[in-house]
Asks: 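Take a look at this one; I'll ask things after.
These numbers were taken from a predicted model, which means no experiment stands behind them.
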Amino acid sequence: MSPLFLIFFTVFIDMVGFGIVIPVLPLYAEHFYATPIQIGWLTGIYSGMQIIFTPLLGRLSDRVGRRPVLIVSLAGTALGFLIMGWASSLPLLFLARIIDGASGGNISTAQAYIADVSTPENRSRAMGLIGAAFGLGFTFGPMIGGIMSRISYSAPFYFAAALAAVNVMLLYFLLPESLSAEYRSRPHERTRLAEIFQHGHGRMFAGLVATYFFTITGFAIMTTLFALFTEKHFGYDAHQNGYIFGFIGIIAVIVQGGLIGRLVKMFGETALARVGLLGLALAMACLPLVATLPRLLAVCALLAVANSLVTPTLNGLASQMIDRGWQGRALGLMQSAGSAGRLIGPLLGGWLLMFDLRLPIARYARTPFFASAAILLVAFGFALNFRKPLADRTPTTASMEADV
């Protein structure tokens with residue numbers, strides 16, 4: 001079995017788990033009389049744990065290799081879903097989200113694995129593989145959550161736990177290590193945050209991290225409040241929202257799995273990222289104004305296409321800006337910025353939603369969605385200041401290209 005397929009499947013499992021909770025968790029939390037702010041915390045605590053553990057797992061993968069980190073973290077994901085399936089109260093849901101968030105910081109390790117086995121010129125296309133896994137997970141996760149929620153709220157989480165356990169077995173028996181010994185960091189090395197920016201195009205990388213943070217913050221507001229928005233505006237439940245997120249995911253798979261490589265060759269990563277950010281801002285501004293299902297689907301399609309242009313190109317650019325031996329730490333920092341956005345976005349969205357609770361239903365969620373559009377415009381402003389780095393001819397990069 002191809003190692004890239006195993007990495008694809010690993011990211012897919014992570015995103016299935018992330019997607020399962022989107023249509024279910026906000027509505028489920030309401031049964032425990034959770035306020036919008038508490039729902040924001042319940043959604044965001046997952047990413048709060050990733051802020052802490054993503055760079056730790058990335059640094060650990062630079063030291064001991066990618067394979068053992070992926071195996072252990074997937075086992076933690078399985079445990080988190082089991083506890084979520086058992087949960088019968090809000091505190092237990094928080095505990096499950098904490099465990100799942102801590103183990104879900106393996107995305108940067110998966111990205112580093114792909115960076116290890118791909119050439120710089122094919123990096124964005126390879127990162128598109130992770131993007132396709134994100135899209136498929138975003139397709140099947142909400143659909144599984146929505147459909148199986150009609151059986152029970154526990155059923156989708158047990159299913160996700162079983163998938164994670166199967167993935168652990170596949171990784172243990174079939175996945176080879178990608179990081180050879182000469183590129184690993186030494187156990188006694190202590191890495192300061194500032195050092196990451198000294199191993200490649202540090203200034204551009206810093207701007208890219210800021211772009212990624214604001215992008216994820218704005219997008220996380222939508223994913224947190226979408227189910228509540230459609231419930232109030234259209235009367236949709238978790239099952240119907242699952243199909244809408246499935247529609248979004250299918251478009252993401254088409255773009256990131258089949259088109260992104262061609263688009264990068266035609267237009268380049270920076271142009272695609274900028275266009276995608278403008279598209280996301282436009283979609284967020286239009287979302288609270290839609291009043292019919294066809295218009296809702298049109299805005300969701302724009303969201304899917306725009307986000308599919310942004311995510312793999314930013315990750316592809318990040319992997320090109322930092323030397324190979326620092327990929328795990330650099331991409332871990334990148335994902336930590338994204339995790340910070342996924343923490344702040346839900347909290348900000350829940351707080352802003354409080355201002356709309358006493359307004360007519362037609363104005364429900366306008367404040368947080370308009371704020372999301374403004375945040376995405378800030379990300380676009382940062383994106384105007386970075387460019388794809390020129391190919392290095394330093395000994396480190398030359399040896400890297402020779403090895404690949």
Asks: Can you tell me if S372 uses its side chain to pair, donor with acceptor, with the backbone of P368 under 3.5 Å?
Replies: no
Asks: Do S103 and S73 have side-chain atoms, one donor and one acceptor, less than 3.5 Å apart?
Replies: no
Asks: Would you say L92 and W86 make side-chain contact, with heavy atoms under 4.5 Å?
Replies: no
Asks: State whether the side chain of D100 and the backbone N or O of A96 hold a donor-acceptor pair below 3.5 Å, judged by distance alone.
Replies: no
Asks: Counting distance only, does the side-chain N/O of E231 pair as donor-acceptor with the main-chain N or O of D237 below 3.5 Å?
Replies: no
Asks: Please examine the side chains of L296 and C300, heavy atoms only from C-beta on, and report whether any two atoms are closer than 4.5 Å.
Replies: yes
Asks: Hey, mind stepping through F12 and N167 against side-chain contact (heavy atoms from CB on, under 4.5 Å) and telling me if it holds?
Replies: CA-CA 10 Å; F12 171 75; N167 199 12; over 6 Å; no
Asks: Report yes if the distance between the aromatic ring centroids of F229 and Y364 is under 6.0 Å, otherwise no.
Replies: no
Asks: Taking atom CZ of F94 and atom CE of M84, what is their separation to the nearest 0.5 Å?
Replies: 10.5 Å
Asks: Between the side chain of R366 and the main-chain N/O of L289, is any donor-acceptor distance below 3.5 Å?
Replies: no
Asks: Taking atom CD1 of I39 and atom CG of L347, what is their separation to the nearest 0.5 Å?
Replies: 12.0 Å
Asks: Between the main-chain N or O of A220 and the side-chain N or O of R342, is there a donor-acceptor pair closer than 3.5 Å?
Replies: no
Asks: What I'd like to find out is whether the side chain of E177 reaches to under 4.5 Å of the side chain of P68, using heavy atoms alone.
Replies: yes
Asks: How long is the straight-line distance from CD1 of I260 back to NZ of K265, given to the nearest 0.5 Å?
Replies: 12.5 Å
Asks: Given side-chain contact (heavy atoms from CB on, under 4.5 Å), test L376 with L282 step by step and report yes or no.
Replies: CA-CA 9 Å; L376 287 162; L282 176 62; over 6 Å; no
Asks: Is there a side-chain contact between F382 and F214 in this structure, where contact means two heavy atoms from C-beta onward sitting under 4.5 Å apart?
Replies: yes
Asks: Taking the side chain as C-beta and beyond, is there a heavy-atom pair between I244 and Y236 under 4.5 Å?
Replies: yes
Asks: To check you understand the geometry: which heavy-atom pair defines the closest contact between P288 and A365, and what is its length?
Replies: CB-O, 4.3 Å
Asks: Is there side-chain contact between L377 and L278, with at least one heavy-atom pair below 4.5 Å?
Replies: yes
Asks: Check whether the side chains of R66 and T109 place a donor and an acceptor atom closer than 3.5 Å, and report yes or no.
Replies: no
Asks: Within this structure, what is the CD1-CD1 distance for the pair I98 and I52, rounded to the nearest 0.5 Å?
Replies: 9.5 Å
Asks: For residues T230 and Q240, determine if any side-chain heavy atom of one lies less than 4.5 Å from a side-chain heavy atom of the other.
Replies: no
Asks: Do the two ring centres, one from F226 and one from F245, sit under 6.0 Å apart?
Replies: yes
Asks: Are any non-hydrogen side-chain atoms of L175 and L170 less than 4.5 angstrom apart?
Replies: no
Asks: Which pair of heavy atoms, one from L314 and one from Y212, lies closest together, and at what distance?
Replies: CD1-CD1, 3.8 Å
Asks: Test side-chain contact (heavy atoms from CB on, under 4.5 Å) on L228 and L353; report intermediate values, then the result.
Replies: CA-CA 10 Å; L228 297 175; L353 184 61; 4.3 Å; yes
Asks: Do any N or O atoms from the side chain of T313 and from the backbone of V310 form a donor-acceptor pair under 3.5 angstrom?
Replies: yes
Asks: How long is the straight-line distance from OG of S149 back to CD1 of I144, given to the nearest 0.5 Å?
Replies: 12.0 Å
Asks: Can you tell which of T215, I216, T217 makes a side-chain contact (heavy atoms from CB on, under 4.5 Å) with I375?
Replies: T217
Asks: Using the side-chain contact (heavy atoms from CB on, under 4.5 Å) rule, take D356 and R363 through it: C-alpha gap first, then chi angles, then the decisive distance, then the call.
Replies: CA-CA 7 Å; D356 293 350; R363 296 179 60 85; 5.8 Å; no
Asks: For a quick test of reading the model, state the closest non-hydrogen atom pair linking Y113 to P176 and the distance between them.
Replies: OH-O, 2.8 Å
Asks: What pair of heavy atoms forms the shortest contact from C286 to V299, and how long is it?
Replies: CB-CG2, 4.1 Å
Asks: Has the side chain of H233 got a donor or acceptor atom that lies under 3.5 Å from a matching backbone atom of A291?
Replies: no
Asks: For the residue pair A306 and G279, what are the closest heavy atoms and their distance?
Replies: CB-C, 3.8 Å
Asks: Can you tell me how far CG of L343 sits from CH2 of W41, rounded to the nearest 0.5 angstrom?
Replies: 6.0 Å
Asks: Taking all non-hydrogen atoms of both residues, which atom of I99 and which atom of G76 are closest, and how far apart?
Replies: CG2-O, 3.7 Å
